> 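Mind looking over this structure? Questions follow.
Please read all numbers here as calculations on a predicted model, not as lab measurements. Order of the sequence lines fixes the chain letters, A, B, ..., with proteins taken first and strands second; residue numbering starts at 1 for each chain.
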Amino acid sequence: VLHSQIASIEKQATTATGCPLLIRCKNFQVIHLVIPQERDCHDVYISLIRLARPVKYEELYCFSFNPKLDKEEREQGWKLVDLNEEYNRMGVPNNYWQISDVNRDYGVCDSYPTEVYVPKSATAHIIVGSSKFRSRRRFPALSYYCKGNNASICRSSQPLSGFSARCLEDEQMLQAIRKANPGSDFIYVVDTRPKLNAMANRAAGKGYENEDNYSNIKFQFIGIENIHVMRNSLQKMLEVCELKSPSMSDFLWGLENSGWLKHIKAIMDAGIFIAKAVAEEGVSVLVHCSDGWDRTAQVCSVASLLLDPYYRTMKGFMVLIEKDWVSFGHKFNHRYGNLDGDPKEISPVIDQFIECVWQLMEQFPCAFEFNERFLIHIQHHIYSCQFGNFLCNSQKERRELKIKERTYSLWAHLWKNRADYLNPLYRSDHSQTQGTLHPQIAPCNFLYKFWSGMYNRFEKGLHPRQSVTDYLMAVKEETQQLEEELEVLQERLANLQKSQSGNNKVKSKQQDQNKQFGLYTSNNSLANTPQEYSNDLKSFPSRSPSQGDEDSALILTQDNLKSSDPDLSANSDQESGVEDLSCRSPSGGGCLPSEDSGKDSDEAVFLAG
Amino acid sequence: MEFSELIKTATVEDVLLSRPGLPAVRGTLCITSHHLLLSSCPRGDLELWLLIRNVDAVEKRVQNLGWYQPPRTGGSLRDTRVSGSSGTITLRCKDLKVLQLEIPGMEECLNVASSIEALSSVDSVMMMYPFFYRPPSLRLQQGWHLCPPERHFQQVASQTSQWRLSTVNRDFSACPSYPPAVIVPAAVGDDTVAKAARFRQGGRFPVLSYFHPKNGTALLRSSQPLTGPNRRRCREDEKLLGTILAEGERGFVIDTRSAQAARQARMSGGGTEPKSSYPQWRRLHRALERGRPLQESFAKLVEACGEPAPSMERWLGRLDGSRWLSHVKAALSTACLAAQCLDREGCSVLVHGAEGTDTTLLVTALAQLILDPACRTLEGFQGLLEREWIELSRQFPFSLEFGEQLLLTLFDNAYASAYGTFLCNNERERSLCKVKESTHSLWAWLNQPEEKQKYLNPLYSHNPLVIWPSVEPQSIQLWQGFFLRWIRPSQHLDEAWVEIRRLVEGNSSSIKEGNSSSIKEGNSSSTKESTGKRLSQSLPEPPAGTENDAEAWTAGTR
């Protein structure tokens, strides 16, 4: 377990067997250690406390992580996702939008990227003026441009309007955004906060746009709660996940009480609203919250994902995170506690976005090029600090640290192993991969489901025993290979008709093919073997049946199920006799978060059982 | 009784049909003895073909616009004169569909409503649609006797001589609700069995439900013993159960009532097996809900699903409040317990509640599905009926040969059907009504090749192992395909299945092609039909029940 994954360490009361340590990880793994000697336990505890909370960036794993790539390969890796290319793909710069160098040395806004796209009619004077009227000087900038109808999604922070303040340049800025979409005579301004929160901000000289001061805006509140509410909500939901043998009611009641799915739905609703405005009404939208780096990032990226099929491809999804999260100064370091800091800054903001994507994948199984594993591994690496992508709080800080020269890019790593992250049901010519996605709006609460693949990720006993994704990927690959084989054989057949000499070679080919079938079938049989029940059964005869209802523990106590992630445990399998499982098994192949670090450092010693 | 007496109005013009998620249609409504039809006027296409038996509740609302007082301002005298009466009928169907019919004319509306009410509640079995339905592609008597006890017994007999087929019930005298032939321990005679039957409620004496070939253990079911307040005993019943266990062997009685409920049952003549009289049997109580509370739970969930737009909190709260998933979890856990006792502990198990007809069957059937790969084939499953099984198919997507569609079809047919398979409550009633002679079997219909295709799981590959499901709440989900069938559009999910089918079939066809060209080349490998078969043939049989199984799993795929 990487130190950076450790969220909390708890020393529990000493028992006869030793001193228990409870370690909760940011990727939702929970580890119970029992250390025989009290003194050792204390030492481990003190060491981990210190190691889990580095104070300098240089202490983070990515600065020592070395996947044995040369300099050129590393540089290539960082070039995989290129935002300039992305804006070109969207269709800007064009007649309405241009790149502005007003922030070239972070002089206007230090949490923005150097290159921002703004309406052509927005002069440097307007931008700077507007930035002074916005929290942290985060002025309205382009997030997504819809080539088809010129509608756009822009983002900013809240205006410093207080009860009555105005700013001519800011008003001109919004006007410029409207003009950049000649087909529409107004824009939506979406404040993603609950109205009450926004009003409270007015008292502090911040707040929201007054419709009377801005010409042709339609103002809209969408109540997404703040980072503190979200942090507590996740906490409550994880408590439910950790319950030992909960009843159905404990679980459902706890899930409801945590409010987690309600928050997920709020984010989705906001994204759906914006996507509709852009795609169906052809109206541009300006999105903000308070600082415009949490809820705004969530909502802009959900809307983009709904609007543009490109973001539903593997590469496009990387681009989306790079664009809406990394480049626009989402505070990764503060939100995910990479360095020791204020615990009140920590909040699962991007986790919620990732879950929104999963919820969409459940509703549109053919729409995404990538699978659930891709999302889980991205979540893992946002916390792992193994790659440099998510370090720091802004582009400025990352440049100062020379991240690209000193660390590796996660995207290159995921791209290299992309075969493990493919959704077999994705087909680029399928109707679900075309155009805008229209999730159901009402009634739809039942569509939002608890994601046990993420939050109970390490309790393997809870998950489907057989993976449809892996099976279908294998089938797909096999089909492809057979078709290739068929071609070869037909070619050979043609040759044979000329001469009679090719027999032996054909035979050996056929054997190869059979071997390959054996490979994934035994994979399949593995998935069906009974699992931890055997542990339960050892205790079975010793229990008296008259204990009645307490016997329910016989079936699956969660204790018995809490094993470490098989993903992370050794992959060789003695029983199946298949020597080369890992080349097929998606859990092999170096795709594991942190597996690649195995050889390089003791930080990646796995818990094997 | 004639159907024509029940049909007060046979056709009504200009009826507006509305269904959630579909555009409203106007057309002519027609009531026949078993169906409600609606055809839209211009094209005459049938928009609705509803088996009236499927109607669960009829709600009617009539308004006589003649009584309607128009607002004084703006309303002219004419408005009141144009008025006529009309009515709205809401039909709530047993498959959870909800239909609304707007019918012009109050009288017509009331007539239609009362005709539907009368036709949907005809209680004579012989008047039901299966006795009239004659599909051209099927012959009568086809598909009955698919899995008679005799055939089941042959399978058992090939493994052991511990059991025999008894005809003690050939005239339904021992137990009116059992079939004529049942499997009982070979060591007890029919006299003993008959006497034991008198000691069990409704005569449902312990019979073999499933024989587990791996270790020779047996799953039995019965009804409760009639111990009563005086703790009556029955030597024959004790003997029957006693012979199943060898000296020193242990068995488990899984009582699907709480210990308290079982004790209380003594007051009304029932009870449970006391340890003193059945020393080798240990009792486990697992309270499973049934009857009215279960039905109410179901109704509550259906209501919650149909609610227009509850907030997120209320949805989870109402899902919890219905308790439905708790019942599913309890049933699945109990079945796992039974399967565990058999497979892992090597102990025989007797399951019963009170009557031994509801929860008992649920547990024994689910346990077989977990234990016995044969039950997970379309053919094998045709003996087992309940709707909760979807849970298993979700966790083991390759191990069940049939898919969700089969379960939906079975559910629909259990409540309202053109086929006779689910008529009556037991074999005796069925033979009295000549169900097998005069109606068609649903199985015959389903087993026609082109029909069958719809119900097969494209991912199926034979899995010889016991499938142990997780019964944690995180693993138990609402069966959306059923409860939300008429509420949420399923287009995107259906497309996914089409895609899966395409992938798997694309694969098997290339294998065919590939192999046939090899044959042309004189290669000796034989053509195999499909990937599924290929998979099953090359599946290694792992040593069952060893500790290695558990270890092997940790290296499994996710």
> Does any non-hydrogen side-chain atom of B:H492 lie less than 4.5 Å from one of A:C366?
no
> Heavy-atom distance under 4.5 Å between the side chains of B:L503 and A:T479, does that happen here?
no
> Is the shortest heavy-atom distance from the side chain of B:I476 to the side chain of A:M248 under 4.5 Å?
yes
> Nearest 0.5 angstrom please: A:Y455 OH to B:Q474 CD, how far?
13.5 Å
> When you look at CH2 of B:W486, are more than 12 heavy atoms from neighbouring residues, nucleotides or ligands closer to it than 6.0 Å?
yes
> Taking atom CD of B:Q480 and atom CG of A:L447, what is their separation to the nearest 0.5 Å?
6.0 Å
> When rounded to the nearest 0.5 angstrom, what distance separates CG in B:L316 from NZ in A:K262?
11.0 Å
> I'd like to check B:P473 versus A:L252 (side-chain heavy atoms, cut-off strictly below 4.5 Å). Are they in contact?
no
> Check this for me: B:R257, atom CZ, are more than 12 non-hydrogen atoms of other residues, nucleotides or ligands nearer than 6.0 Å?
yes
> Rounded to the nearest 0.5 Å, what separates atom CZ in A:F251 from atom OG in B:S326?
11.5 Å
> Mind checking whether B:R502 and A:R427 have side chains closer than 4.5 Å, heavy atoms only?
yes
> Going by heavy atoms in the side chains, are B:E472 and A:N456 under 4.5 Å from each other?
no
> Would the distance check show the side chain of A:E256 and the main-chain N or O of B:G317 forming a donor-acceptor pair, the cut-off being under 3.5 Å?
yes
> Using non-hydrogen atoms and a 4.5 Å limit, figure out which bit of A:S249 sits close to chain B: side chain, backbone, both or neither.
both
> Check whether any side-chain heavy atom of A:L472 lies under 4.5 Å from a side-chain heavy atom of B:V504, and answer yes or no.
yes
> Of the listed residues (A:P365, A:S247, A:S452, A:A367), which shares the most heavy-atom pairs with chain B below a 4.5 Å separation?
A:P365
